[in-house]
Amino acid sequence: VRKRWTPCKDSSSRVSAGSLGGQLAITLSKFETVIPPDPKTLASLRRALEGWLDQEGVPEPARADVVLAAHEAAAKAIEHAKSTEPVIVRAQIVPEEAVVLEVRSPGNWTTQALSQGVKLLASIPSKLEVERADRNTALRAVVPL
Amino acid sequence: MGAQMTSLTDIQVLHPRPGAVVVEVLGEHDLATKTETWELLSSLVDANELVVVDVTEAQFIDSSFINNLINADSAARARGSQFTLQLGTARIVRSAFEHSGILMVLDHASTREEALDSL
């Protein structure tokens, strides 16, 4: 299954991810939102993501963990990137497996290794990756369902 | 029991007895209110022998709020007073506390009575 993000603003969608051996079609549901780099926008991010997870039937405790991880990553980007560029938050459900989360923003905002936010963020997902390229940082987290 | 509203939305400060204060945390608390929350906790720790932070009705807290709790607990220990967390039940609040590991560090109680008896 190839996962590909499509640029959109404050949206969620379902895309066909093709077939496996011509037998099984998998539908991936996606979420994407763009927020200004202002801590006051974090509440609206949480609500939008919570609404999408609810709509998709993601159960607890995964739902709470996804919202918490997205919030922590976005808060970190806002607090430490010192950028006026927006923060992009994407999420995608891999059915019966996980929610894959990506938070992307300009700057290098993942270096505060000992902060409480990093400890909390690192403890939530089963997999956490950081990619830095073209002066952007993207943090990807996989939260199991 | 006296009650005092703070400049922070969704936080109420109660004075159940002299030298003891209860900070009732309602609603959502994150990076946006980090500084104001610290100023409030810091001033209450400076002026009381017991500070209880009750998150029973909180709907969301993040690492910046947890960091304030850790700093307030350190300040209380430094002046020889008691800082106790009264735990809530909202799933996302519980998740934040569990993932942060803060419950291994902070004194906590599950009822108001237990929290007020922690001094």
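In what follows, every chain begins at residue 1, and chains take the letters A, B, ... in the order their sequences are listed. Note that the structure is a prediction, hence the values are computed from the model and not measured.
- Checked options A/Glu131, A/Arg132, A/Arg104; the residue passing with A/Thr137 is A/Arg132 (criterion: side-chain contact (heavy atoms from CB on, under 4.5 Å)).
- Under the 4.5 Å side-chain criterion, counting only non-hydrogen atoms from C-beta, A/Val66 is not in contact with A/Ile124.
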Enumerate the inter-chain donor-acceptor pairs under 3.5 Å for chain A and chain B, one line per pair.
from: A/Arg46; atom 1: NH1; to: B/Asp30; atom 2: OD2; distance (Å): 2.8
from: A/Arg46; atom 1: NH2; to: B/Glu28; atom 2: OE2; distance (Å): 3.4
from: A/Arg46; atom 1: NH2; to: B/Asp30; atom 2: OD2; distance (Å): 3.4
from: A/Arg47; atom 1: NH1; to: B/Glu28; atom 2: OE1; distance (Å): 3.0
from: A/Arg47; atom 1: NH1; to: B/Glu28; atom 2: OE2; distance (Å): 3.3
from: A/Arg47; atom 1: NH2; to: B/Glu28; atom 2: OE1; distance (Å): 2.9
from: A/Asp65; atom 1: OD1; to: B/Ser95; atom 2: OG; distance (Å): 3.4
from: A/Asp65; atom 1: OD1; to: B/His99; atom 2: NE2; distance (Å): 3.1
from: A/His71; atom 1: NE2; to: B/Asp62; atom 2: OD2; distance (Å): 2.7
from: A/Glu72; atom 1: OE1; to: B/Ser63; atom 2: OG; distance (Å): 2.6
from: A/Glu72; atom 1: OE2; to: B/Ser63; atom 2: N; distance (Å): 2.7
from: A/Glu72; atom 1: OE2; to: B/Ser63; atom 2: OG; distance (Å): 3.3
from: A/Glu79; atom 1: OE2; to: B/Lys34; atom 2: NZ; distance (Å): 3.1
from: A/Ser123; atom 1: OG; to: B/His99; atom 2: O; distance (Å): 3.1
from: A/Ser123; atom 1: OG; to: B/His99; atom 2: ND1; distance (Å): 3.4

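- When the side chains of ILVMFWY residues are joined at heavy-atom separations under 4.5 Å, either directly or via intervening members, B/Val25 and B/Leu106 end up in a single hydrophobic cluster.
- Within the 4.5 angstrom heavy-atom criterion, only side-chain atoms of B/Ile70, from C-beta onward, approach chain A.
- Contact annotation: the side chain of B/Leu14 never approaches that of B/Val23 to less than 4.5 Å [non-hydrogen atoms, C-beta and beyond].
- Residues A/Trp52 and A/Val58 have side chains not in contact (no heavy-atom distance under 4.5 Å, counting atoms from C-beta outward).
- Under 4.0 Å is where a charged nitrogen must lie from a carboxylate oxygen, and between A/Lys127 and A/Glu129 at least one such pair does.
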